Engineer: 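If you scroll down you'll find the structure; I have some questions about it.
Hydrogens, waters and symmetry mates are skipped; everything else that's a heavy atom, side chains included, is used. Because the structure is a prediction, the values reported are computed rather than measured.
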Amino acid sequence: MAMTGAVDLGGIKDRAEAQRAQAQRAQAQRDPAQSDRSDGAQPGTPPPGAPPVASGASVIDVTEETFEAEVLNRSMQQLVVVDLWAEWCGPCKQLSPVLERLAAQSGGRWVLAKVDVDANPRIAQAFRVQSIPMVVAIVQGQPVTAFNGVRSEAEITSWIDEIFAQVGNALPDAPAGAAAPEPEQSDPRMIAAEEKLNDGDFDGALAAYRAVAEAEPENVEAASAARNLEFILRAQAHDPNIVETASPRDVDAQLAAADVLLLSQQPEAAFDRIIDVVRVTNGEERTRARIRLLELFELFDPAEPFVVTARRKLASALY
């Protein structure tokens, strides 16, 4: 899945810079003699925006504070593959060792940056993570392609090779003589919608995405963006406590609880909530629950294992 222009990582960089500035001010108050560097950085540390010091590590753990240096700045010189994972995620535990082994075997051609989405929710939000594992390739500070779910070693190797074939001379480690990528034509309507989203005008962004999708039913990107944003706005409006307080037979409460669970990266639990509603209801209430579950399925790749499992459970609950 191509991602060029679809994700804005600047918010993480801005947050890291703000935290760095706050730490510098605190240090200056404790020890004014240490605060006379012209760039405001701590003695012995690189100035903001400087590339990371080469460590030779093929796998690095990244946080919101180190994201700018270890991912954005590093990607100016080297392909960075970001592995978004969580401790509770079973498929992540299958995929991560494969990625780590391939990174170690690459000889420094690319580096694996591991991000725990539970500990670093703003990174997950910036990448618009809907399911994990999610793997994103970063080149020149921008995400260029990504995939979700578990893939074989051969598939990942092919994916990496394709990235290097496309980036051409954008990276020092790119294969010699590789053709430079052709610039993609950006849709000004999608850019305008993205700008509204980044400015916090969520209703305006949703309306813009919907307008593109309605005008061009084949525009998968616009339709997907509209669905995702519509879900996020609905889920964020719910009280998170609904997960604990929802009555088993209160359809509205259970649908709200499923939204909250899905927003917190727990798709299996979210789907099971709605499937349980399908089991204990009938008529219009059952239909509402089934339709909502099908809508949530559309937020994911249909081949995702947890989607396949949930579809099987839904069929069993219905028949």
Engineer: More than 12 non-hydrogen atoms from neighbouring residues, nucleotides or ligands closer than 6.0 Å to NZ on Lys114, yes or no?
Structural biologist: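 Check passes, neighbour count above 12.
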
Engineer: Can you check whether Val117's main-chain N or O pairs, donor with acceptor, with Gln265's side chain at less than 3.5 Å?
Structural biologist: no

Engineer: If the condition is side-chain contact (heavy atoms from CB on, under 4.5 Å), which residues does Ala226 pass it with, not counting sequence neighbours?
Structural biologist: Leu206, Tyr209, Arg210

Engineer: Taking Asn219 for the side chain and Val212 for the main chain, is one N or O donor matched with an acceptor at less than 3.5 Å?
Structural biologist: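 Answer holds: no.
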
Engineer: Could you note down all residue pairs passing side-chain hydrogen bond (donor to acceptor under 3.5 Å, both in side chains) where residues 277-286 supplies at least one of them, sequence neighbours left out?
Structural biologist: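 Listed by first then second residue: Asp276-Arg279.
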
Engineer: Backbone N or O of Ala103 within a donor-acceptor pair of the Ser106 side chain at under 3.5 Å?
Structural biologist: yes

Engineer: Report the C-alpha distance between Val80 and Trp110 in whole Å, list the side-chain angles of each, state the deciding distance to 0.1 Å, and finish with yes or no for side chain to side chain contact (heavy atoms under 4.5 Å, CB included).
Structural biologist: CA-CA 6 Å; Val80 179; Trp110 58 277; over 6 Å; no

Engineer: Any idea how Phe271 and Phe306 line up, ring-wise: parallel (<30°), tilted (30 to 60°), or perpendicular (>60°)?
Structural biologist: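 Tilted, since the angle between the ring planes falls between 30° and 60°.
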
Engineer: May I ask you to decide whether Arg189 forms a salt bridge with Glu221, counting only side-chain N to carboxylate O separations under 4.0 Å?
Structural biologist: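 No salt bridge links Arg189 with Glu221.
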
Engineer: CG of Asp252 to CZ of Arg288: how many Å apart, nearest 0.5 Å?
Structural biologist: 4.5 Å

Engineer: Got Val144 and Gln166 here, is their nearest side-chain heavy-atom distance under 4.5 Å?
Structural biologist: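 The answer is no, as the side chains (C-beta and beyond) never meet within the 4.5 Å cut-off.
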
Engineer: May I ask you to decide if Glu70's main-chain N or O and Thr66's side chain share a donor-acceptor pair within less than 3.5 Å?
Structural biologist: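 Not at all, since once roles are kept as given, no pair shorter than 3.5 Å links the two residues.
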
Engineer: Are side-chain heavy atoms of Leu294 and Arg311 found at a separation under 4.5 Å?
Structural biologist: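 They are in side-chain contact.
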
Engineer: Do the side chain of Asp199 and the main chain of Asp201 share a donor and acceptor less than 3.5 angstrom apart?
Structural biologist: no

